Amino acid sequence: MSDKVYIFDTTLRDGEQVPGCKLVTEEKIIIAKKLEELGVDIIEAGFPISSPGDFKSVVEISKAVKNPTVCALTRAVEKDIDAAGEALKFAKKGRIHTGLATSEMHRQHKLRMTAEQVIEKTSFAVAHAKKYVEDVEFYAEDAGRTENEYLARVCEAAIKSGATVLNIPDTTGYCLPDQYGAKIKYLKENVTGIHKAILSTHCHNDLGLATANSIYGAVNGARQIECTINGIGERAGNTALEEVVMIMRQQPNLGLHTDIQTPQLNSISKLVSEMMQMPVQPNKAIVGDNAFAHSSGIHQDGVIKHRENYEIIDPKDVGVDHSAIVLTARSGRAAVAYRAKLLGYEPTKDELNIIYQEFLKVADTRKEVNDDELLKLLKT
Ligand code: KIV
Ligand code: ZN
């Protein structure tokens, strides 16, 4: 039996913080409903104290979805927590996500608080949030750069006040996978009362390691991963939901699974990209336009003979109809014959040799040869 990893989607909070990605409540509701269909366990709907619009979004999303937990972000500040409690009052399952920074850097240069003051604030914030909801998640901002021994003390204080989830963000995307995994392992082994809470990963992608760090976190005992559709988020982004979900699916040896309906990954990626006007890079894993496109002759020949030669994921499993054989000057005869067949033509070997020589002349002048151009060659 594999262990379930809860998927906490923060597209509508950390993702929406990105300049240009701002959504209005109606758009957020459309995405929240699609996230519910996708099967996410927790939707972080917004930061209610930050603006009346975000408060309204949390209220309306709470009314609009029924299966996922709806989560609202706060600082470890009384008025933030009160606003979150109020915004969540229609949620079937509501969670307050409160916390503050714990690293020495942030304690000294941002909060200007002592280590003990941070612990006191942790206890206060969690206890105050508990007045509104049973389910309280505590985040230790910049946990990635926080000393493990001190982080363990903060986590203990949060658990004592009733935290149900402990979020260990690598806020600045600083950690290497083995460092982040070791941090989660350390907390699992050294925090008194850790059995009462779920450890959560929340990784940023400044070094391109957000996905790897999240997976190492889960391998070392985290049972919730915080992520966004298409990996959008502050600076270089957050962990991409589609990536961590497909890694757990494709690597059963990890002994981890999620409840995500993977055939919906492609359509939700497009929805979020369009609504947030944030294009997905073509070579993006799982959801990029080229994720299942083959353009070199060697690969095309291999895929046509047996798809698994070059694809570890069946495109249908992530909602893509079929693999694409793209015709370029690097394509071989097998690819030309394959695409000709799709257009209803089956040239003999000799005919194909002639067509192929003409095809190369055209292909050398183009990025890609399209169906119309291929048809012209087939008809001459
Ligand atoms: O990256 C971060 O530390 C955050 C917290 C607010 C959870 O987004
Ligand atoms: Zn974040």
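None of these values were measured; they are calculated from a predicted model. Every number for a ligand or one of its atoms is a count from 1 in the order of the listing.
Screening residues 244-301 for ring-ring contact (aromatic ring centres under 6.0 Å, His included), with sequence neighbours left out, gives His299-Tyr310.
Contacts of Lys93 classified as side chain to side chain donor-acceptor pair (under 3.5 Å), with partners at least two apart in sequence or in another chain: none. Applying the ring pair (Phe, Tyr, Trp, His ring centres under 6.0 Å) criterion to His106, with sequence neighbours excluded, gives no partner residue.
Below 4.0 Å from some heavy atom of Asp14 lie the following atoms of ligand 1, by number and element: 8 (O). Close approach of ligand 1 to Glu141 (heavy-atom distance below 4.0 Å) involves ligand atoms 3 (O).
At a cut-off of 3.5 Å, with distance as the only test, a side-chain donor of Thr192 or Glu156 sits close to an acceptor on the other residue. Using a 3.5 Å distance cut-off with no hydrogens or angles, the side chains of Lys34 and Ser267 do pair a donor with an acceptor. For the residue pair Glu242 and Ser269, no side-chain donor N or O sits within less than 3.5 Å of a side-chain acceptor on the partner. Using a 3.5 Å distance cut-off with no hydrogens or angles, the side chains of His128 and Asp82 do pair a donor with an acceptor.
At a 4.0 Å heavy-atom cut-off, ligand 1 touches Asn167 through the side chain alone. Contacts with ligand 1 closer than 4.0 Å are made by side-chain heavy atoms of His204 only, the backbone lying farther away.
The number of protein N, O or S atoms lying under 2.8 Å from the Zn ion (ligand 2) is 3.
Here the protein heavy atom with the shortest distance to atom 4 (C) of ligand 1 is His202 NE2, 3.5 Å. The nearest heavy-atom contact from the protein to atom 3 (O) of ligand 1 is Thr171 OG1, 2.7 Å.
Surrounding NZ of Lys4 are more than 12 heavy atoms belonging to other residues, nucleotides or ligands, all under 6.0 Å away.
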**Item:** From CA spacing to verdict: salt bridge (charged side-chain N to carboxylate O under 4.0 Å, His left out), Asp317, Arg249
**Value:** CA-CA 10 Å; Asp317 287 347; Arg249 195 171 192 277; 3.2 Å; yes
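Closest heavy-atom approach to atom 5 (C) of ligand 1 within the set Arg13, Glu234, Glu44: this belongs to Arg13.
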